[in-house]
Protein chains: 2
Amino acid sequence: MMQNAMIAQSGGPTAAINATLAGVIRGLQSSGSCGTVYGALHGITGVIEETFLNLSEKCEEDEAFLNRLVRTPAMYLGSCRIKMPDPAEEKGIYDRIFVTLEKYRVGWFFYIGGNDSMDTITKLSGEAVRRNSPIRFVGVPKTIDNDLVLTDHTPGYGSAAKYIASSMLEIAHDTYIYDLPCVTIVEIMGRDAGWLTASASLARNDYNETPQLVYLPEVPFHRSQFLEDVRGVLKNAKNAVVAVSEGIRDENGVYISAKVKSEDKFGHMQLSGVGKVLENLVKQEIGTKVRSIELSILQRCAGHIASAQDIKESGEQGEAAARMALDGETGVMPAVERISDEPYSYRIVTRRLEEIANQARRVPREWINEAGNDVTEDFIRYARPLILGEQKNEWQDGLPYYLSVKHLSRR
Amino acid sequence: MMQNAMIAQSGGPTAAINATLAGVIRGLQSSGSCGTVYGALHGITGVIEETFLNLSEKCEEDEAFLNRLVRTPAMYLGSCRIKMPDPAEEKGIYDRIFVTLEKYRVGWFFYIGGNDSMDTITKLSGEAVRRNSPIRFVGVPKTIDNDLVLTDHTPGYGSAAKYIASSMLEIAHDTYIYDLPCVTIVEIMGRDAGWLTASASLARNDYNETPQLVYLPEVPFHRSQFLEDVRGVLKNAKNAVVAVSEGIRDENGVYISAKVKSEDKFGHMQLSGVGKVLENLVKQEIGTKVRSIELSILQRCAGHIASAQDIKESGEQGEAAARMALDGETGVMPAVERISDEPYSYRIVTRRLEEIANQARRVPREWINEAGNDVTEDFIRYARPLILGEQKNEWQDGLPYYLSVKHLSRR
């Protein structure tokens, strides 16, 4: 009897993670050697609590299912925020997971997620080896933050970058209309890595030089230098537009954001408010009209403006993960290796998970200008291919048509 | 020798105002009886300061100009925020305007804008009558706020509503993913009228019941009732999503927003922060996970997701305005009269400006439920046709392709 497969998703939503899910399903189904494909709801929690969706059935019921899944943002299987314990210290949860996987005759388990998810799948594959379990554990990358090591970029980043750059261009049009000096501060996601904020620079074109200033968490932020930078821009332009990462810190590593909330389970800081802090600073010290905009969660779930290149690669990495697992590999993850920028080309390669988990890749210092207030042409060359191409959206009643996620509400 | 025409834009940006501008130009050109079409930069300021764009030339230089203008958001001619003085009290500015219009042999003047712009054009057409000037002054409606009287709805509203409803649906997908109670508060534009906030309800479909709560400025807001409403929603749903207008007030007319900034020239209050206020209230009183999102200026400049119906009607009203002026009418504005909801049909009619200026149309009380925390089906029937259809966007380097607005930066 054929073995079954199980897939789960974890971490934060992106416009591309369901394209990866569709890719894994497609890869498994086209092999002809996989039985039922299960989706565990809410990440590893779904395995522990045995809440599954029969994805094979979904594909049979609706032949458009996979194509629609590709276009549906956020996470079709839901997410969780669980930090898996050290298997040496807390064996019980692992016992439970392996019992469930065996009960459902799972031969291949896939976890689609970012840094923390790769930690989970590393622990599970390590535990499989210790338990002499034949189950293969494969990670599939996903994070708008683009901060996984050993891959050129991550699924989800291109779509978030496309949303950010498009919004920045539309904000530029909005700022141009009034004939008075104005400072617009746009706060963008990214606690430790500035990849998302850097993508704001892609909005520049032959008529739009905004954002003129880009501040990433990779470089210490100095309030006085910031004010000097803004004053400098206003000498030559009516509108100063500033793209700023939520995670910028001063030279002592203290967040510029006024509201530092409690730490979450992974030891991440929850931030908000840096835009407002800088808005007030400009108001007090420069006195021009000033406003701040927080792109907020819209930057991670805007499926209607996803990058076709990102969606394509996300699916390909899903399919590659399926092939790796079926080939007997475990503790691995597909990754992207770039071959050239222009014309853009790449190949999918295999990486060992233990070399990836719990690390973060930041924007290289040489892709940030010397003053620390902009990115260089190298970054533009790197990021531009990732936002290219548009998906053909389906629409219903005037809105993007997505798959129902009603199965995620339990109450 | 043929007379020339002049067009200006005023008020806040929308995704549709340039479609109206293109409509006026098209209407004038197709008549064969108009000379040069000038665009005055930055509203009436452009007339006073004689800063013009030759729009006829633009059309000749680039045959795609009008089609691209239709898709370009914000305001191609720029805006101003000038409250025109009473002509009886301050004659000088009117002298100046009429001298300039005569100098450029302007026979027809068009002002595309909202409430305040209609006040400007009413004053100018009255002044023309007093001065025995043959110049025709026609207003063309535009406002995402949808608050002009004597018209079924205003150009720009449908596109903003489509952006808001699409974003709400994508936010819904984002909220579904975690398996824990969460309250999401989305702050939407609209100081005095709740049309934009009401459009959040269009995001509901067969799987998504969010936003479950919708608070408009038309009904007094009670903090204790709000908390009871949210608790009620959380009894039956994991996620409570609240759409709230920036302009909600308590029973004494005091804004709920914590940060009430200085008044602007028109006596409007500048608001921000109601989302944060409610976020803190939920955190303190209910204690669930809570976050607030401000849709911000993105809701008025998101050209990439404009409503095709809105864009079509905006152009039609521009063309109608051209016909009215060429027919010798003055002090008028084209408006939409709805014939039926399903199938949606309407006709363009002529309204007298003095019946429109300085008034505001609010959401009728009967389109808000008795509890004051949602809209009724009547609103949905009204608003749905306005967000239907998608524009075919042009893209360049991964971003929406818009016309350059470099001519608006003077420095």
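Letters A, B, ... mirror the listed sequences (proteins, then strands); counts begin at 1.
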Quick check: closest heavy atoms across [X] and [Y], and the distance to 0.1 Å?
{"X": "B:Arg81", "Y": "A:Tyr178", "value": "NE-OH, 3.2 Å"}
{"X": "A:Tyr207", "Y": "B:Val405", "value": "CD1-N, 3.7 Å"}
{"X": "B:Ile177", "Y": "A:Ala74", "value": "CG2-CB, 4.0 Å"}
{"X": "B:Asp397", "Y": "A:Arg384", "value": "O-NH1, 3.0 Å"}
{"X": "A:Ala203", "Y": "B:Leu399", "value": "CA-CD1, 3.8 Å"}
{"X": "B:Gly398", "Y": "A:Ser166", "value": "O-OG, 4.4 Å"}

Rounded to the nearest 0.5 Å, what separates atom [atom1] in [X] from atom [atom2] in [Y]?
{"X": "B:Tyr76", "Y": "A:His173", "atom1": "OH", "atom2": "NE2", "answer": "10.5 Å"}
{"X": "B:Glu209", "Y": "A:Lys406", "atom1": "CD", "atom2": "NZ", "answer": "7.0 Å"}
{"X": "A:Ser409", "Y": "B:Asn236", "atom1": "OG", "atom2": "CG", "answer": "11.5 Å"}
{"X": "B:Cys80", "Y": "A:Asp179", "atom1": "SG", "atom2": "CG", "answer": "9.5 Å"}

* Asked: Can you find a heavy atom in the side chain of B:Glu170 that is under 4.5 Å from one in the side chain of A:His304?
  -> yes
* Do you know which of B:Asp174, B:Ile387, B:Leu295 has the most heavy-atom pairs with chain A at a distance under 4.5 angstrom? -> B:Asp174
Can you say whether [X] sits under 4.5 Å from chain A via the side chain, the backbone, both, or neither, judging by heavy atoms?
{"X": "B:Leu403", "value": "backbone"}
{"X": "B:Thr72", "value": "side chain"}
{"X": "B:Tyr163", "value": "side chain"}
{"X": "B:Asn205", "value": "neither"}
{"X": "B:Tyr402", "value": "both"}

Who among [options] has the most heavy-atom pairs with chain B under 4.5 Å?
{"options": "A:Gly389, A:Ser167, A:Pro73, A:Ala302", "answer": "A:Ala302"}
{"options": "A:Leu388, A:Leu298, A:Leu169, A:Ile297", "answer": "A:Ile297"}
{"options": "A:Arg291, A:Met75, A:Arg300, A:Glu390", "answer": "A:Glu390"}

* **Which portion of A:Ser296 sits near chain B, non-hydrogen atoms under 4.5 angstrom** => side chain
